[in-house]
Amino acid sequence: ELARVQAEKLGRPDAAIQAAEEVLTDDPRCVEAVQLQVQLYRKFNKPSKPGEGEGRLDAAFARALKRLAPLEEGTRRADVLVELAEVQRR
C-alpha cells in the first residue's frame, strides 16, 4: 500500500519501486507489488533522448517482467512474455 501511495499520491516512482522491492523481499509472490513495479517501469522506462532505442531502466524492467510472468495465467502470461522479449531485444 505504501508503494502505491508513493507512486500515485506523492509522485515518487523511484520510492514506490523500492517499496515494492522490499515487499517482494518478504513475499516474492506478491502479485500486487510486481504489478505495480511493471506498471511504473512501463510509464517511466523511456529513452533518455529522442531517437535512442533503450530505456534507462530496461534491466530492472526485464527483472520485474520475469517475476510477473509465472504469477499470471493464460493470455496475460503470454502478453507479459511478449513484452519481456521486446524489452530484452532493445
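Nothing fancy with the numbering, it's 1 onward along the sequence.
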Does Gln37 reach the side chain of Leu24, with side-chain heavy atoms less than 4.5 Å apart? yes
Do Val82 and Val34 sit in the same hydrophobic cluster, where Ile, Leu, Val, Met, Phe, Trp and Tyr count as joined when their side-chain heavy atoms come under 4.5 Å apart? no
Taking every heavy atom of Leu71 against every heavy atom of Pro28, the minimum-distance pair comes out as CD1-O, 4.5 Å
Smallest separation among heavy atoms of Ala33 and Ala20, with atom names: O-CB, 3.7 Å
Interatomic spacing from CZ in Phe44 to CD1 in Ile17 - rounded to 0.5 Å: 8.0 Å
Residue pairs involving residues 68-87 (criterion side-chain hydrogen bond (donor to acceptor under 3.5 Å, both in side chains); sequence neighbours excluded): Gln35-Glu72, Arg42-Glu83
Test of understanding: with side chain to side chain contact (heavy atoms under 4.5 Å, CB included), list the residues that count as partners of Asp27, not counting sequence neighbours. Arg29, Cys30
List, one per line, each side-chain donor-acceptor pair under 3.5 Å for residues 60-67, sequence neighbours excluded.
from: Arg67; atom 1: NH1; to: Glu21; atom 2: OE1; distance (Å): 2.9
from: Arg67; atom 1: NH1; to: Glu21; atom 2: OE2; distance (Å): 3.2
from: Arg67; atom 1: NH2; to: Glu21; atom 2: OE2; distance (Å): 2.8

